[in-house]
Amino acid sequence: MNTNGEYAISVHGLCKKYRGFALDNVDIELPRGLVLGLVGENGAGKSTTIKSMLGVVNRDAGDVSLLGHDIDGADGKAARERIGVVLDEVGIPAPLTANDVGAVMASTYTNWDSAKYFSLLDRLSLPRKKPFSKFSRGMKMKLGIAAAMSHGAELLILDEATSGLDPVVRDEVLEMLRDFARDERCSVLISSHIVSDLEKLCDLIAFMHCGRILLQSDKDSLLDRYGILHTSAAGFASVPPESVLSIRESDYGVEAVVDKTIAGSRLGVGAASLEDIFIAMIKKGGSK
Amino acid sequence: MKGLLKKDFLVLFRAYKLYMIVAVLLVVQTFLSGWGWQVIFPALICGMLPVSLYSLDERDKWNTYALTTTYTRRGLLSEKYLLGVIIMLVITAVSALAMSVYALRVSADIQVDAALCTYDVFGHNVVIPYAAARAIESLLHSVSMALIPTAVSLPFMFLFGAEKGRLIAPVVLGFSATLLVSFELSRIGGAEGFVDLGAALGLAGIAAALYAVSWLVSVLIVQKRDF
């Protein structure tokens with residue numbers, strides 16, 4: 001396991017078993033300064049992976065190092081001081097106001113920066129005296145992000161932070177994350193089933209399905225490697241079967257997601273989105 | 001721990017105003033009528049506050065979030081026990097103050113309760129006015145009633161979650177009430193004008209021991225729990 005700090009996140013052999021679901025030897029590596037998107041359908045195990053990494057859920061097996069520290073070891077607290085987390089359900093007590101959250105966090109983090117927190121509240125147009133229970137889903141998420149970004153975090157971990165947000169707020173959130181990630185010391189792990197969000201933001205992509213990581217790759221290589229082939233049924237016959245991830249046939253011809261490194265440069269191969277590739281891999285059974 | 005306590009006090013003042021008002025009314029009653037049963041009720045009401053706050057934490061997913069910050073499982077649960085002790089101390093102190101004010105206010109009539117009680121403390125005879133002995137007894141009961149509900153309930157909450165764990169609350173309150181009634185009944189058979197401070201002290205001691213054991217059990221439970 002890498003604990004020298006070269007990686008913001010280094011997870012190896014992570015296992016967690018529940019009745020009817022298991023995380024199976026999950027490996028994730030996020031070099032410092034990059035943004036990793038963890039993509040998976042609902043129930044794929046993204047939240048369990050994140051919670052297991054953070055020690056919220058007890059692991060059955062596996063090693064986790066965050067910012068070079070063993071998260072469960074003696075220096076785990078030092079690592080947590082430099083990590084900001086936003087969960088799907090933010091977790092702020094309903095009766096508290098944004099002002100209250102600032103007061104609580106000031107006593108939680110050694111490096112809490114009140115000035116930064118309040119400037120983020122203003123930037124995000126968040127009311128300071130309204131109870132959290134009266135916040136909309138978007139406001140809740142934004143408050144969670146403001147809290148996560150106000151103690152000098154070098155690693156942000158966000159679990160489905162953009163799901164359920166309207167497009168305007170989603171764009172706002174993604175912009176904040178982009179700003180954060182511009183600092184080369186700062187890294188982000190963001191999980192989502194909205195692949196288009198991750199496509200805009202991430203340097204690296206990990207696909208997760210049924211508790212397993214199907215692949216982890218840099219986004220550009222992935223987009224370079226796979227494409228969508230539009231051809232006739234006769235034309236498709238010449239395509240090597242091992243290059244085909246998924247196929248959709250209709251009266252108008254064949255549309256297939258193909259591995260261009262195997263299929264070669266063919267006329268009619270267009271760009272595939274991450275969503276196309278992800279869905280194709282799931283259909284293929286996660287063999288790539 | 002400081003942040004956790006701050007969070008709980010903020011939630012208390014924002015979400016449990018009614019509890020506070022009832023507790024204050026009961027304390028005011030003590031100002032007016034002195035020592036007796038009513039001293040115990042604020043403790044009994046406020047003694048359940050750590051349990052109620054834990055339920056809110058679970059509903060709001062605070063525990064999950066807190067564990068992603070600098071807090072540990074042990075820290076999370078220890079804070080609830082510490083909060084219980086703080087609440088107990090505040091309630092006991094306020095009740096003591098209320099009884100003292102009452103004693104000063106009715107000092108002209110205090111002769112009514114001026115009988116003396118004699119106690120053997122490590123071989124020495126200690127003489128206390130009956131009224132003071134009743135006040136001390138009330139305060140000791142107040143300590144017991146503030147600690148027992150939390151001590152019994154919290155391990156169940158940590159083990160089964162707030163939803164199922166809460167089912168123990170009526171049992172705990174019933175148990176606490178039974179203890180108090182049996183104390184009052186035992187007074188009927190005892191010597192008139194004598195307050196059994198030893199029994200009250202014993203009960204407070206048992207409550208404190210139960211509280212400590214409960215904390216240890218909860219530490220074991222919570223280490224294995226997923227949030």
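Just so we're on the same page: letters track the sequence lines, and every chain starts at 1. Since the model is a prediction, treat every value here as computed from it, not as a measurement.
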Most contacts with chain B, counted as non-hydrogen pairs under 4.5 angstrom, among A:Pro93, A:Pro131, A:Ala106: A:Pro93
Within 6.0 angstrom of A:Arg178 CZ, more than 12 heavy atoms from elsewhere: yes
OG1-CG distance between B:Thr64 and A:Asp88, expressed to the nearest 0.5 angstrom: 11.0 Å
Atom CD of B:Glu163: over 12 foreign heavy atoms under 6.0 Å: no
Neighbour count above 12 (heavy atom, 6.0 Å) for B:Phe175 CZ: no
A:Arg185, CZ atom: more than 12 neighbouring heavy atoms under 6.0 Å: no
Which atom of B:Arg59 lies closest to which atom of A:Ala94, heavy atoms considered: NH2-CB, 3.4 Å
Proximity breakdown for B:Arg225 and chain A, heavy-atom pairs closer than 4.5 Å: backbone
A:Leu96 and B:Val11, any side-chain heavy atoms less than 4.5 Å apart: yes
Atom group of A:Met105 that falls short of 4.5 Å from chain B, counting heavy atoms: side chain
From B:Tyr71 atom OH to A:Thr108 atom OG1, the distance as rounded to the nearest 0.5 Å: 2.5 Å
Shortest non-hydrogen contact from A:Lys16 toward B:Asp226: NZ-OD2, 2.8 Å
Residue selection (most heavy-atom pairs with chain B, distance under 4.5 Å) from A:Thr110, A:Asp100, A:Val101, A:Ile157: A:Asp100
Other residues, nucleotides, ligands: >12 heavy atoms within 6.0 Å of B:Tyr54 OH: yes
Closest approach of B:Phe227 to A:Lys51 (non-hydrogen atoms, all atoms of both residues): O-CD, 4.0 Å
Considering all heavy atoms, the nearest A:Ala147-B:Tyr65 contact: CB-OH, 3.9 Å
Side-chain donor-acceptor contact under 3.5 Å, B:Thr70 with A:Tyr109: no
Contact leader toward chain B among A:Val56, A:Val90, A:Val57, A:Leu54, where contacts are heavy-atom pairs under 4.5 Å: A:Val56
Flag if over 12 foreign heavy atoms under 6.0 Å of NZ, B:Lys61: no
Closest heavy-atom pair and its distance - B:Arg14, A:Pro95: CD-O, 3.2 Å
Residues of residues 77-87 of chain A contacting chain B, heavy-atom criterion under 4.5 Å, by residue number: A:Lys77, A:Arg80, A:Glu81, A:Val85, A:Leu87
Contact leader toward chain A among B:Arg73, B:Lys6, B:Met1, where contacts are heavy-atom pairs under 4.5 Å: B:Arg73
